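Structure, as structure tokens:
Everything quoted here is computed from the prediction, not taken from an experiment. First listed ligand is number 1; within each ligand, the first listed atom is number 1.
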Amino acid sequence: MSGSKQRLHLNKRPTRILLLVSFVTLFLIVAYVYIPRSSSAGCFFFSTSSCGATFFQNALLSSPSRELTDAEVASEAVIREILRTPPVQSKNHKIAFMFLTPGSLPFEKLWDRFFYGHEDKFTVYVHASKEKPTHVSPYFVGRDIHSEKLAWGKFSMVEAEKRLLANALFDPDNQHFVLLSDSCIPVHNFEYVYNYLIFSDVSFIDCFVDPGPHGNGRYSEHMLPEVKEEDFRKGSQWFSMKRQHAIIVMADSLYHKKFEVYCKPNMEGRNCYSDEHYLQTFFHLKDPGGIANWSGTHVDWSEGKWHPKAYRSQDVTFELLKNITSIDESTYVTSDAERTVMTRPCIWNGVKRPCYLFARKFYPETLEKLIYLFSS
Ligand SMILES: *[C@@H]1O[C@H](CO)[C@@H](O)[C@H](O)[C@H]1NC(C)=O
Ligand SMILES: *[C@@H]1O[C@H](CO)[C@@H](O)[C@H](O)[C@H]1NC(C)=O
């Protein structure tokens with residue numbers, strides 16, 4: 001019995017070997033034909049360490065046309081890790097209100113009314129770039145962070161934004177980070193703003209393609225290979241972002257450097273303003289589905305001037321505020337000859353809702369009127 005079994009086994013062996021050899025051959029042929037040469041087919045079989053890295057880069061990252069630099073792979077690894085690890089959940093979610101201002105804040109009294117009664121739900125940070133502010137609201141006293149001088153349109157603006165984010169990240173309760181200017185006002189009450197931001201699944205970062213001179217016209221090929229022209233984005237500086245996003249902004253030095261060096265005013269005959277392109281392009285590249293593509297701060301560009309409309313006392317009416325709070329579509333106008341108007345509905349967690357929580361720009365003279373309208 002045992003002898004015949006042995007023979008049977010021996011008889012089957014050549015067939016098995018033959019099958020295995022044909023399978024391996026077929027596999028090698030298929031692999032040779034189907035794995036593109038550029039993605040280092042050889043790496044699949046001859047695993048050296050540098051070769052392995054290339055294979056994994058191409059398999060994992062969405063840029064098969066080009067081999068990524070070491071810095072890009074490192075950046076991608078860190079950012080992906082942060083994005084898939086939800087931040088430590090604190091028991092008490094707060095919103096960080098980060099004010100970027102030259103000096104005293106003309107609307108502190110209005111913000112004081114806005115914050116009143118919600119003391120455990122927010123923290124205030126003030127970056128005053130010109131002179132030490134005089135605070136009139138207890139919510140702002142002692143909230144000035146270390147600041148540096150900044151110039152309109154220069155990279156120092158982005159550095160100030162990052163300084164605010166870094167300071168606000170120290171408080172683990174801060175889950176959403178809002179950047180505001182001295183001419184910004186709230187257009188909803190605190191509960192509305194809090195729920196809108198804390199329960200949103202995205203960050204409110206304005207981001208769109210502008211093929212015109214004030215968009216792609218500011219792009220420089222020096223930003224290659226990391227930033228291609230087709231990935232260059234534009235948007236308002238006034239963002240609000242979730243904690244994970246604030247951390248990836250802190251973690252970034254690669255794109256930061258690119259924009260610091262190649263996106264600045266008066267460079268090679270063009271003016272590039274990093275505060276309108278760096279974070280917009282960065283989020284488009286790193287987490288496009290994680291941003292709303294509009295800013296939560298309303299601004300009126302309809303006059304078509306270099307600066308947006310700034311509201312005077314006589315402009316501030318109940319109707320104006322009602323108009324701003326009822327807008328539920330975001331609109332962009334490209335800066336090319338076509339001046340294409342793009343309109344998109346504001347979708348909040350799958351539901352169409354009003355787009356704006358804050359508005360600018362308001363002259364200080366509007367304070368009393370705003371306080372009156374706010375309380376009614
Ligand atoms: C924002 O725009 C990008 C395209 O640039 C898109 O992939 C993303 O889904 C948009 N975000 C939302 C929340 O719709
Ligand atoms: C409010 O919106 C209406 C309708 O779009 C417009 O006719 C009116 O002029 C707006 N009022 C203000 C004060 O902006």
- Which residue and heavy atom of the protein sit nearest atom 5 (O) of ligand 1, plus the separation: His284 ND1, 3.8 Å

- Message: Under 3.5 Å between any N/O of Asn293 and any N/O of ligand 1: does that happen in this structure?
- Response: yes

- Item | Between Glu72 and Thr69, a side-chain donor and acceptor under 3.5 Å | yes

- Between Lys228 and Tyr219: side-chain donor-acceptor atoms closer than 3.5 Å: no

- Message: Using ring centroids (six-membered ring only for Trp), state whether Phe140 and Phe99 fall under 6.0 Å.
- Response: yes

- Pick from Pro288, Cys346, Ser200: the one approaching atom 6 (C) of ligand 1 most closely through a non-hydrogen atom: Pro288

- Between Ile291, Ile347, Asn349, flag the one that comes closest to atom 13 (C) of ligand 1 by a heavy atom. Ile291

- Query: Would you call Ser147 and Val126 a side-chain contact if the rule is heavy atoms closer than 4.5 Å?
  - Reply: no

- Query: Does the ring of Tyr125 carry Arg143 above it, NZ/CZ under 6.0 angstrom from centre and within 45° of its axis?
  - Reply: yes

- Query: Of Asn323, Val316, Asp300, which has the heavy atom at the shortest distance from atom 10 (C) of ligand 2?
  - Reply: Asn323

- Message: How far is atom 9 (O) of ligand 1 from the closest protein heavy atom, and which atom is that?
- Response: Gly289 CA, 4.1 Å

- Message: Please determine whether salt bridge (charged side-chain N to carboxylate O under 4.0 Å, His left out) holds for the pair Glu365 and Arg312, giving the CA-CA distance in whole Å, both sets of side-chain angles, and the decisive distance to 0.1 Å.
- Response: CA-CA 7 Å; Glu365 65 183 45; Arg312 293 268 176 205; 3.1 Å; yes

- Look at atom 2 (O) of ligand 2 and say whether a protein heavy atom is found at less than 4.0 angstrom from it. yes

- Query: Among all protein non-hydrogen atoms, which one is nearest to atom 8 (C) of ligand 2, and what is the separation to 0.1 Å?
  - Reply: Glu319 OE2, 3.5 Å

